Amino acid sequence: MSVETDSPADSDQTAEELAQKLGEAITEMPAYQTFQEKKEAVEADETAQEQIEEFEQIREEYMMARQTGQADQEDLRQLQEAQEKLHSIPVMSEFLQAQNDLELRLQALNEHVSDPLAVDFGEKAGGCCND
């Protein structure tokens, strides 16, 4: 009597195929579809793009001032105001909500993948840096 077992190469291939199917399934999720739509809307909106550029410039200046020890509360206030202004644009607000919804769904999927591994799969697969 013999018991057939998968070779390590077969297991690797199966895991890769399942991972690919998972990625494809994620792209079909309503949360992902909504995220893509809202992202495209932000990219196409001139006002949002201008505010993103302004915010990024203010953020860059703040980070440089902070690194050199020259940042003060006024600099931080300006950065926060720029962020609030950016987030108040309806198309941006909708994008941020869609992004949050997708992240919550991906966290739930990560928990399902991580449970049998006894390790946080998303954290380990995501790289070395957590900001």
Side-chain angles (χ1 to χ4, degrees):
M1 183 166 143
S2 74
V3 176
E4 288 188 37
T5 59
D6 287 341
S7 72
D10 289 342
S11 294
D12 282 350
Q13 185 173 355
T14 299
E16 288 179 18
E17 289 171 359
L18 289 172
Q20 184 175 3
K21 287 181 183 179
L22 175 60
E24 291 169 359
I26 289 170
T27 65
E28 298 300 321
M29 290 179 358
Y32 181 82
Q33 295 290 323
T34 300
F35 168 77
Q36 281 298 107
E37 291 169 10
K38 301 301 180 183
K39 180 181 174 206
E40 290 170 8
V42 166
E43 290 170 348
D45 188 283
E46 286 185 34
T47 302
Q49 290 303 306
E50 289 171 6
Q51 288 300 313
I52 289 169
E53 286 180 29
E54 180 180 325
F55 171 74
E56 288 298 326
Q57 181 167 346
I58 292 169
R59 186 175 69 88
E60 180 78 22
E61 291 169 2
Y62 175 77
M63 295 303 288
M64 290 180 70
R66 193 171 134 200
Q67 287 177 347
T68 61
Q70 297 176 348
D72 60 19
Q73 287 299 316
E74 178 62 22
D75 294 325
L76 179 58
R77 188 189 62 72
Q78 284 181 329
L79 177 63
Q80 290 170 337
E81 284 180 4
Q83 183 177 34
E84 289 174 15
K85 186 176 177 182
L86 175 61
H87 290 188
S88 71
I89 300 170
V91 70
M92 190 65 170
S93 177
E94 291 171 8
F95 165 75
L96 293 170
Q97 183 61 54
Q99 183 179 41
N100 186 59
D101 293 346
L102 178 59
E103 286 174 359
L104 290 173
R105 286 294 300 132
L106 293 176
Q107 286 174 359
L109 292 174
N110 178 50
E111 290 175 15
H112 290 295
V113 173
S114 296
D115 282 344
L117 300 175
V119 66
D120 186 336
F121 177 77
E123 181 178 314
K124 295 297 180 188
C128 67
C129 305
N130 293 319
D131 290 331

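Computed from a predicted structure; not experimentally measured. This chain uses plain numbering: 1 for the first residue, then up along the sequence.
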Asks: Do L22 and L102 sit in the same hydrophobic cluster, where Ile, Leu, Val, Met, Phe, Trp and Tyr count as joined when their side-chain heavy atoms come under 4.5 Å apart?
Replies: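 They do share one cluster, since a chain of ILVMFWY contacts under 4.5 Å joins L22 to L102.
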Asks: Of all residues at least two apart in sequence or in a different chain, which pass the side chain to side chain contact (heavy atoms under 4.5 Å, CB included) check with T47?
Replies: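 Side chain to side chain contact (heavy atoms under 4.5 Å, CB included) check on T47 returns D45, I89.
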Asks: About how many Å separate CD of Q49 and CG of L86, when rounded to the nearest 0.5 Å?
Replies: 9.5 Å
Asks: Could you list the residues that satisfy side chain to side chain contact (heavy atoms under 4.5 Å, CB included) with L109, not counting sequence neighbours?
Replies: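 Listed in chain order: I26, M29, R105, L106.
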Asks: Who passes side-chain hydrogen bond (donor to acceptor under 3.5 Å, both in side chains) against N100, sequence neighbours left out?
Replies: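 With sequence neighbours excluded, N100 shows a side-chain hydrogen bond (donor to acceptor under 3.5 Å, both in side chains) to no residue whatsoever.
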Asks: Going by side chain to side chain donor-acceptor pair (under 3.5 Å), name the pairs with one or both residues in residues 30-40, residues two or more places apart or in two chains.
Replies: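 For residues 30-40, and leaving out neighbouring residues, the side chain to side chain donor-acceptor pair (under 3.5 Å) pairs sorted by first residue read K38-E94.
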Asks: Please identify each residue that fulfils side chain to side chain contact (heavy atoms under 4.5 Å, CB included) with M64, with sequence neighbours left out.
Replies: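 Once residues adjacent in sequence are excluded, the partners of M64 under the side chain to side chain contact (heavy atoms under 4.5 Å, CB included) criterion are E60.
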Asks: Can you list everything that forms a side-chain hydrogen bond (donor to acceptor under 3.5 Å, both in side chains) with Q107? Sequence neighbours excluded, please.
Replies: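 Testing Q107 for side-chain hydrogen bond (donor to acceptor under 3.5 Å, both in side chains), a comparison that skips the adjacent residues, returns none.
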Asks: Identify the two heavy atoms, one from F55 and one from L79, that lie closest to each other, and give their separation to 0.1 Å.
Replies: CE1-CD1, 3.5 Å
Asks: Answer yes or no: does atom CD of E17 have more than 12 heavy-atom neighbours from other residues, nucleotides or ligands under 6.0 Å?
Replies: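 Yes, CD of E17 has more than 12 neighbouring heavy atoms, counting only those of other groups under 6.0 Å.
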Asks: Can you run down the salt bridge (charged side-chain N to carboxylate O under 4.0 Å, His left out) pairs that involve residues 73-85, sequence neighbours left out, and say none if there aren't any?
Replies: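 Listed once each, the pairs are E74-R77, R77-E81.
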Asks: Checking E61 now: which residues fulfil side-chain hydrogen bond (donor to acceptor under 3.5 Å, both in side chains) with it, not counting sequence neighbours?
Replies: Q57
Asks: Can you list everything that forms a ring-ring contact (aromatic ring centres under 6.0 Å, His included) with F35? Sequence neighbours excluded, please.
Replies: F95
Asks: Run the side-chain hydrogen bond (donor to acceptor under 3.5 Å, both in side chains) test against Q83 and tell me which residues pass, sequence neighbours left out.
Replies: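 With sequence neighbours excluded, Q83 shows a side-chain hydrogen bond (donor to acceptor under 3.5 Å, both in side chains) to no residue whatsoever.
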Asks: To the nearest 0.5 Å, what is the distance between CD (Q80) and CD1 (I58)?
Replies: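 Those atoms lie 12.0 Å apart.
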Asks: So, using side chain to side chain contact (heavy atoms under 4.5 Å, CB included) as the criterion, who are the partners of Q67 when residues are at least two apart?
Replies: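 Testing Q67 for side chain to side chain contact (heavy atoms under 4.5 Å, CB included), a comparison that skips the adjacent residues, returns none.
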Asks: Between A48 and V42, what is the shortest heavy-atom contact and its length?
Replies: CB-O, 4.0 Å
Asks: If we ignore hydrogens and angles and just use 3.5 Å, is the side chain of E54 paired with the main-chain N or O of A82 as donor and acceptor?
Replies: no
Asks: Under the salt bridge (charged side-chain N to carboxylate O under 4.0 Å, His left out) rule, what pairs show up with a residue in residues 20-35, not counting sequence neighbours?
Replies: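 Qualifying pairs: none.
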